[in-house]
2 protein chains.
Amino acid sequence: MATIYEVSEAAGVSLATVSRVMNGNTKVSDRTRKKVETAMAELGYQPNAIAQSLASNRTNSVGLLVSELHGSYFGDLMSTVEQALKLYGKHVIITAGHVDEKREHDAIEFLKSRRCDALILHAEAVSDEYLTTLCKSDLPVVVINRKVDGLDDHCFVVDNEKGGYLAAQAAIQQGHKEIGYISGPKFKKDASDRLAGHKRALTEAGIEAKDDHIFEGDFHESSGQEGMHYLKQHFPDITALICANDEMASGAMTAAREAGLEIPQHLSIVGFDNVLFSRYLYPKLTTINNPIQSLGEMAARWVLKNVYDTKINHAIEHLFVPEVVERHSLSKR
Amino acid sequence: MATIYEVSEAAGVSLATVSRVMNGNTKVSDRTRKKVETAMAELGYQPNAIAQSLASNRTNSVGLLVSELHGSYFGDLMSTVEQALKLYGKHVIITAGHVDEKREHDAIEFLKSRRCDALILHAEAVSDEYLTTLCKSDLPVVVINRKVDGLDDHCFVVDNEKGGYLAAQAAIQQGHKEIGYISGPKFKKDASDRLAGHKRALTEAGIEAKDDHIFEGDFHESSGQEGMHYLKQHFPDITALICANDEMASGAMTAAREAGLEIPQHLSIVGFDNVLFSRYLYPKLTTINNPIQSLGEMAARWVLKNVYDTKINHAIEHLFVPEVVERHSLSKR
DNA sequence: GCACTCTTTGTAAGCGCTTACATTTCAGTG
DNA sequence: CACTGAAATGTAAGCGCTTACAAAGAGTGC
């Protein structure tokens, strides 16, 4: 693999000149530029990004921490972030934290050791203190889908409470009064926020928010099935079921159908997230759009603007409001 | 950020010694090791991976090229590869090629410029010649889901022809004789292989493989809908529909239902890939399992074994055979 | 106490670039 | 034609590590 030295030799110029034509920030005469470019082409020269990074203290790469590499939610997030950064020649280095404190921590350390120019974190397990310390360091950090007190400028979040509220409101507006809820793990902020919004909507509508109408799931399909079984058995008069994400809604739909309930005639179901497959379900799932792509794009823009001094016109927003996506799984009571 | 130099100073030893305790391959006395470790801890020292890579010519990272960062198929692939490599302390650098020759090429060049120790490529658009040249270079390369002549040892593939055959056979065994097919873009090798298998099964069963029963889609949901419309309109006597992937099967299901056809009573549908959501569909989709995870794991193992000299017991296999996943969308005619 | 070997530690030369600073070139001036 | 000063190019010192080689210690046996 040819080095810059061989190129300089072939072109009959110094190292520095070759470096200059590569980076294009200093003036180089057209004649020498030509010579260098020819030499590069002939040698099939390809700059060593590692060496460049070491010397310039700039890696042109942004670290992205997600919880999982699979699943629509993270797929959309990774995809948007990557596209936004690639437009400006920046690259993402993706790592997975698996919602485990140690693994998230290790993943972040890894990104730091790779000397990323900035970090975009979808960190769920690591502590607020850790994130705060991180943000205070000179490494630019952005947090996605999590609000940490005192770090507002670094956080990009969805108003989950509002989302939970909207889902319940949608059901109430259709005349439902007996409403079941399958929640995510309550220790997760987004899950508890959604639930809080749900309760607020019920209360405002003068419906008692009964705790035993709430089943705590784990955001996975199977717990949607379990939740459905539990609710059907104990509260057969429930007419609407709201799930804290689309996976669980899907599980609930399957379980409901197996129990002979037709959707939405016998039971209305509302999901949350609006992941890709929610539209493939039958009936198509009425759900709450979780603008994860907007979050990703905004985070990427923040980095471009604050780290790479890119001229970007769009304003940076930090709070995103979800909205109802009306499809066919919710109907009049 | 502390450097190795500061650590050596604090510990009262030389640079080399610090480097030695970090890498642990040379003998260092317990006493000095302790001193160094203490110094590291006190300074919060974190090795600079970039500098390590430059000096050692080893990045401990493997480049992974996928077509998209979203979607179950690639999600599963990325996830498996990452997990397998992480076990041995290796990391993946993921890039997306978007099934575009230039972008795939650029992505590969990027991975090369990052000096990945090896490349795992799910390359669809780049030419066979390019891949061949790449494999001949000293950079270890593995190709996933594509067979390139002369590169057998580097390729990990699914027997798509067999998969297509199995899908058709499954329908035939249920007594279907009028069978529609929604294919992927025929220029794609996997799409044409699946179709070839389909035709072989029909022929072997003494059923004429009619070209107009085949609709060429693009692997996306919407083309499944289009295909369904086309077939229903022109060949209303079709009793079974086989789709070259699950997305299109899902689209076809939607369109069929909208046309008043019940599945599988009026029309049986078989998919291909067995992506996560195929199980969420209603009725649960009968499909062909595409062992993409096995491919990914095997590719990762190949790298571990051949590049990092890891002791791995499992044999390396190159051809994976798909199988039928029986669910509820296919029934007797 | 000495020559010898085997460990442990130190020295210093890179790895392939960037960039501050020094030097050269050269068009434009009086 | 010598003299400027801006523009173009070169020189060399790092960036933070690894590692071959050299040097120094620590055991041995006599």
Side-chain angles (χ1 to χ4, degrees), chain A residues 1-37 39-40 43-61 89 109-110 112-117 138-139 308, chain B residues 1-37 39-40 43-61 89 109-110 112-117 138-139 308:
Chain A
M1 191 121 287
T3 72
I4 196 176
Y5 183 78
E6 298 166 39
V7 174
S8 80
E9 184 133 309
V13 299
S14 74
L15 285 197
T17 304
V18 177
S19 175
R20 286 187 186 106
V21 346
M22 276 172 46
N23 295 298
N25 35 25
T26 327
K27 280 248 92 46
V28 176
S29 77
D30 283 354
R31 231 168 59 81
T32 46
R33 157 167 290 113
K34 274 274 151 30
K35 282 196 298 186
V36 171
E37 280 168 352
M40 282 178 167
L43 291 166
Y45 172 72
Q46 190 185 32
N48 182 327
I50 300 287
Q52 288 180 313
S53 300
L54 183 61
S56 66
N57 202 25
R58 194 29 98 77
T59 58
N60 282 317
S61 61
E109 291 301 309
F110 167 71
K112 282 168 65 181
S113 78
R114 302 304 290 204
R115 295 301 188 267
C116 291
D117 297 329
D138 0 84
L139 176 63
Y308 296 116
Chain B
M1 191 120 285
T3 71
I4 196 175
Y5 183 78
E6 297 166 40
V7 174
S8 80
E9 184 133 309
V13 298
S14 73
L15 284 198
T17 305
V18 177
S19 175
R20 285 185 188 109
V21 347
M22 276 171 47
N23 296 298
N25 35 25
T26 328
K27 279 248 94 43
V28 176
S29 76
D30 283 354
R31 231 167 62 79
T32 45
R33 155 168 290 113
K34 273 274 149 31
K35 282 196 298 185
V36 172
E37 280 167 352
M40 283 180 167
L43 290 166
Y45 171 72
Q46 192 186 31
N48 181 326
I50 300 286
Q52 288 180 313
S53 299
L54 183 60
S56 66
N57 200 26
R58 196 25 102 76
T59 58
N60 284 316
S61 61
E109 291 302 308
F110 167 72
K112 282 168 65 182
S113 80
R114 303 303 291 202
R115 295 300 188 267
C116 291
D117 297 330
D138 5 79
L139 177 61
Y308 295 116

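- Within 4.0 Å of A:Thr32, counting heavy atoms only, lie sugar-phosphate atoms of the nucleic acid but no base atom.
- At a threshold of 4.5 Å between non-hydrogen side-chain atoms, the residues B:Arg31 and B:Lys34 do not count as touching.
- Across all strands, A:Ser29 comes closer than 4.0 Å only to sugar-phosphate atoms, never to a base (heavy-atom distances).
- Remark: P of D:dG16 and CG of B:Leu43 are 14 Å apart, rounded to the nearest angstrom.
- A:Arg31 has its CZ atom 12 Å from the C1' atom of D:dT9, to the nearest Å.
- Here B:Ser56 lies in heavy-atom contact (under 4.0 Å) with sugar-phosphate atoms only.
- Backbone-only engagement by A:Asn48 is indicated by non-hydrogen atom pairs under 4.0 Å involving sugar-phosphate atoms exclusively.
- The phosphate of C:dG16 has neither OP1 nor OP2 within less than 4.0 Å of any side-chain N or O from A:Gln52.
- Two residues are said to be in side-chain contact when any heavy atoms from C-beta on lie closer than 4.5 Å; B:Met1 and B:Asn48 fail this criterion.
- Counting heavy atoms of neighbouring residues, nucleotides and ligands inside a 6.0 Å radius, atom CG of B:Asn23 exceeds 12 of them.
- Closest to the side chain of A:Thr17, from the set D:dT19, D:dT9, C:dG14, is D:dT9.
- Phosphate contact (OP1/OP2 of D:dT18, side-chain N/O of B:Asn57, threshold under 4.0 Å): absent.
- Listed nucleotides C:dT19, D:dT18, C:dG16 differ in distance to A:Leu54; the shortest reach to its side chain belongs to C:dG16.
- Residue-to-nucleotide proximity on DNA chain C shows that, of B:Ala55 and A:Arg20, the 5′-proximal contact is made by B:Ala55.
- One interatomic measurement links the two molecules: CG of A:Asp30 to C1' of D:dA8, which rounds to 12 Å at whole-angstrom precision.
- Ranking D:dC17, C:dA20, C:dC17 by closeness to the A:Thr3 side chain, first place goes to C:dC17.
- Not a single donor-acceptor contact under 3.5 angstrom links the side-chain atoms of A:Arg115 to the base of D:dG16.
- Among the nucleotides C:dC17, C:dT9, D:dC17, the one closest to any side-chain atom of B:Val28 is C:dT9.
- Under the 4.5 Å side-chain criterion, counting only non-hydrogen atoms from C-beta, B:Arg58 is not in contact with B:Arg115.
- Residues B:Tyr308 and B:Asn60 have side chains in contact (heavy-atom distance under 4.5 Å, counting atoms from C-beta outward).
- The distance between atom CE of B:Met1 and atom P of D:dC15, rounded to the nearest whole Å, is 16 Å.
- Distance A:Leu15 CG to C:dA20 P: 16 Å, rounded to the nearest Å.
- Taken from OG1 in A:Thr32 to NZ in A:Lys27, the straight-line distance is 11.0 Å, to the nearest 0.5 Å.
- Contact annotation: A:Tyr45 side-chain N/O to C:dC17 OP1/OP2 distance is under 4.0 Å.
- Side chain of B:Ala16, nearest nucleotide from D:dG16, C:dT18, C:dT11: C:dT11.
- The residue among B:Ala51 and B:Arg33 whose nearest nucleotide of DNA chain C is located toward the 5' end is B:Arg33.
- Rounded to whole Å, the distance from NZ on B:Lys27 to P on C:dT5 is 22 Å.
- Both A:Ser14 and B:Ile4 lie near DNA chain D, and the one whose nearest nucleotide falls closer to the 5' end is A:Ser14.
- Regarding B:Asn60, its CG atom lies at a distance of 11 Å from the P atom of D:dT18, rounded to whole Å.
- The distance between atom CD of B:Glu6 and atom C1' of D:dC17, rounded to the nearest whole Å, is 14 Å.
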